[in-house]
Amino acid sequence: MQNINVLDEVFERAVKSARVFKNRNVLRHDYIPDRLPHREEQIRYFGEIVAPVLKTDRCSNIFIYGKTGTGKTAVIKYVLNKLMGKTQTLGVPLRVCYVNCRLTGTEYRLFASLCNAMNVKVPFTGLAVGELFDRFKAGLDAAAALLIVVLDEVDELVKARGDMLLYELTRMNESLIKSKLSLVGISNDLRFKELLDPRVLSSLSEEEIVFRPYNATELGDILLERCKLALCEGALSEGALSLCAALAAAEHGDARRALDLLRVAGEVAEREGAARITDEHIRVAEKRIEHDRIIDALKNLTPHSKLVLASVYLLNKANVASAITGDIYEVYCELCELTDYTALTQRRVSGLINELDVIGLLNSSVVSMGRYGRTKKIRLGIARGLVKEVFAGDERVACLVEYSPKCLTDASNRRS
DNA sequence: CGTCCACAGGAATGACGGGCGG
DNA sequence: CCGCCCGTCATTCCTGTGGACG
């Protein structure tokens with residue numbers, strides 16, 4: 001009975017409250033707007049590079065750099081969409097294949113997407129990579145078309161698999177008779193070039209475009225543009241907009257970040273029944289995004305990663321501000337015994353610590369303690385309370401947050 | 001000024017479950 | 001159903017190293 005009343009109230013408020021969003025989707029990452037403020041130069045340049053396609057010529061391979069949220073993907077997709085439209089009216093046989101290398105993950109799946117783009121049917125798995133490569137090549141040549149392959153976040157692929165694959169792709173034109181292939185590589189990492197074989201680099205970056213981060217003013221313009229479509233009239237105060245832009249500008253000028261902030265702030269405001277997004281909503285959104293990110297990361301850890309994190313947590317609780325690898329491994333082994341997991345090797349735990357560092361749950365840095373060795377100092381990267389909160393709700397590790405390791409008291413005695 | 005600690009982190013290899021062609 | 005290859009995780013073995021100590 002009471003439940004129903006509560007729900008009534010919630011629904012009632014949702015209906016009556018002023019609407020903040022006109023179209024929430026406009027603030028999503030995958031939305032490609034019709035206007036991309038402050039990217040006219042890049043659009044023009046990229047357009048010039050791919051233009052030969054309209055005369056059924058191969059266009060140059062292109063390399064594109066820029067940090068996340070600088071509009072790389074949006075510009076590329078925007079231009080290629082327009083190009084596709086144009087080629088269709090002109091009857092040019094163009095195909096475009098967009099692949100995100102980080103999401104795609106492996107060479108196999110990358111080739112599978114390429115085959116897909118050429119309408120070559122391949123199984124999800126089971127074939128040799130070489131076989132897939134051949135099928136793709138055959139499919140491409142049979143189609144007698146121009147193919148533009150966009151490899152987004154290509155640095156991730158090379159870091160994980162090496163540059164052999166890129167080498168094969170850049171050389172493919174030599175053995176194609178009826179078709180031509182062009183590559184567009186997109187990288188977030190400016191130092192990516194150094195990882196590449198010079199031969200691959202020279203053929204891949206026949207042309208180069210760099211996307212500089214947006215500054216606060218530019219971010220403001222972008223937000224303003226999107227607000228017109230996404231939000232109701234007057235739903236955003238000017239102060240909130242510039243705060244949003246400023247926060248995102250501080251974080252490498254990331255437009256994606258700015259849009260996330262705005263969207264979440266809008267949700268917060270709407271839930272409150274407010275008609276207008278204020279500075280305060282933006283601040284709340286900032287905290288909420290971070291909080292959700294951490295909780296999500298914590299929940300999805302593998303058991304052993306949880307044990308490693310729990311070890312750091314316990315050391316932290318025992319006033320060991322920054323533990324070293326050896327200490328952590330010692331505590332970790334004890335926790336393993338306690339929970340009936342067989343302990344992994346120190347090498348592996350070291351790897352897990354690095355993974356946790358990348359996600360931001362730990363902060364680690366290599367230090368030399370001279371005579372006493374070279375190791376890693378590791379601190380918790382997040383509030384202790386969050387670890388406790390999440391782990392307490394996880395039956396497998398719940399008991400650990402209250403445990404006091406034996407080796408800990410020994411260790412501190414030894415050191416003092 | 002050389003030593004030597006306590007690891008970092010690369011490379012090679014193996015175990016394992018999944019999924020396919022034949 | 002077999003044999004093959006896949007990707008993932010883990011182990012083993014290894015070489016490299018910053019700097020306090022003697």
Side-chain angles (χ1 to χ4, degrees), chain A residues 99-116 120-136 138-139 153-165 168 189 191-192 194-197 297 300-309 311-312 315 320-337 339-359 361-379 381 396 407-408 410-412 414-416:
Chain A
V99 187
N100 184 313
C101 299
R102 188 169 49 80
L103 300 180
T104 304
T106 68
E107 292 174 52
Y108 187 94
R109 287 200 286 244
L110 173 68
F111 274 122
S113 325
L114 293 181
C115 288
N116 227 343
V120 176
K121 210 175 134 277
V122 290
F124 293 110
T125 173
L127 294 177
V129 176
E131 170 67 20
L132 227 58
F133 182 80
D134 292 341
R135 287 195 196 184
F136 165 59
E153 307 195 52
V154 66
D155 48 323
E156 297 289 332
L157 183 76
V158 172
K159 276 173 199 160
R161 309 275 148 184
D163 56 8
M164 270 315 291
L165 178 129
E168 304 278 359
D189 187 350
R191 293 169 304 123
F192 174 57
E194 297 162 19
L195 296 175
L196 282 180
D197 186 309
N300 293 321
L301 292 177
T302 58
H304 282 291
S305 291
K306 281 184 184 170
L307 291 176
V308 171
L309 195 68
S311 306
V312 182
L315 285 161
V320 183
S322 54
I324 64 172
T325 308
D327 297 344
I328 291 171
Y329 188 65
E330 215 172 336
V331 178
Y332 161 81
C333 286
E334 216 176 303
L335 297 187
C336 280
E337 209 168 315
T339 48
D340 266 351
Y341 280 106
T342 43
L344 303 174
T345 53
Q346 183 162 329
R347 177 71 187 88
R348 182 64 190 133
V349 168
S350 162
L352 291 179
I353 290 172
N354 282 340
E355 285 169 25
L356 291 169
D357 188 16
V358 171
I359 320 174
L361 297 181
L362 296 179
N363 290 324
S364 71
S365 57
V366 278
V367 289
S368 177
M369 304 187 297
R371 171 112 271 199
Y372 305 107
R374 197 165 119 79
T375 182
K376 220 169 199 179
K377 285 210 170 191
I378 296 131
R379 283 169 296 119
R396 202 73 210 249
C407 62
L408 228 170
D410 302 350
S412 58
R414 251 184 282 139
R415 229 187 300 286
S416 63

K.L.:
Checking Arg348(A) now: which residues fulfil side-chain hydrogen bond (donor to acceptor under 3.5 Å, both in side chains) with it, not counting sequence neighbours?
P.N.:
none
K.L.:
Is a side-chain N or O of Ser311(A) found less than 3.5 angstrom from the main chain of Leu307(A), in a donor-acceptor match?
P.N.:
yes
K.L.:
Between Arg371(A) and Leu344(A), which is nearer to the 5' end of DNA chain C once each is assigned its nearest nucleotide?
P.N.:
Leu344(A)
K.L.:
Can you check each nucleotide of nucleotides 7-16 of chain B against protein heavy atoms at under 4.0 Å and return B for base, S for sugar-phosphate only, - for none, in 5' to 3' order?
P.N.:
BSBB------
K.L.:
Evaluate whether atom CD of Glu355(A) has more than 12 neighbouring non-hydrogen atoms of other residues, nucleotides or ligands under 6.0 angstrom away.
P.N.:
yes
K.L.:
Tell me whether Thr339(A) contacts the main-chain N or O of Leu335(A) through its side chain, where contact means a donor paired with an acceptor under 3.5 Å.
P.N.:
yes
K.L.:
Indicate whether OP1 or OP2 belonging to dA10(C) is found under 4.0 Å from a side-chain N or O atom of Thr345(A).
P.N.:
no
K.L.:
What is the distance, to the nearest angstrom, from the CE atom on Met369(A) to the P atom on dT3(B)?
P.N.:
22 Å
K.L.:
Using modelled atom types only, decide if a donor and an acceptor are shared between the side chain of Tyr332(A) and the backbone of Leu344(A) within a distance under 3.5 Å.
P.N.:
yes
K.L.:
Taking only residues two or more places apart in sequence or in another chain, which ones pass ring pair (Phe, Tyr, Trp, His ring centres under 6.0 Å) with Tyr341(A)?
P.N.:
His304(A)
K.L.:
Starting at CZ of Arg348(A) and ending at P of dC9(C), how long is that distance when rounded to a whole Å?
P.N.:
7 Å
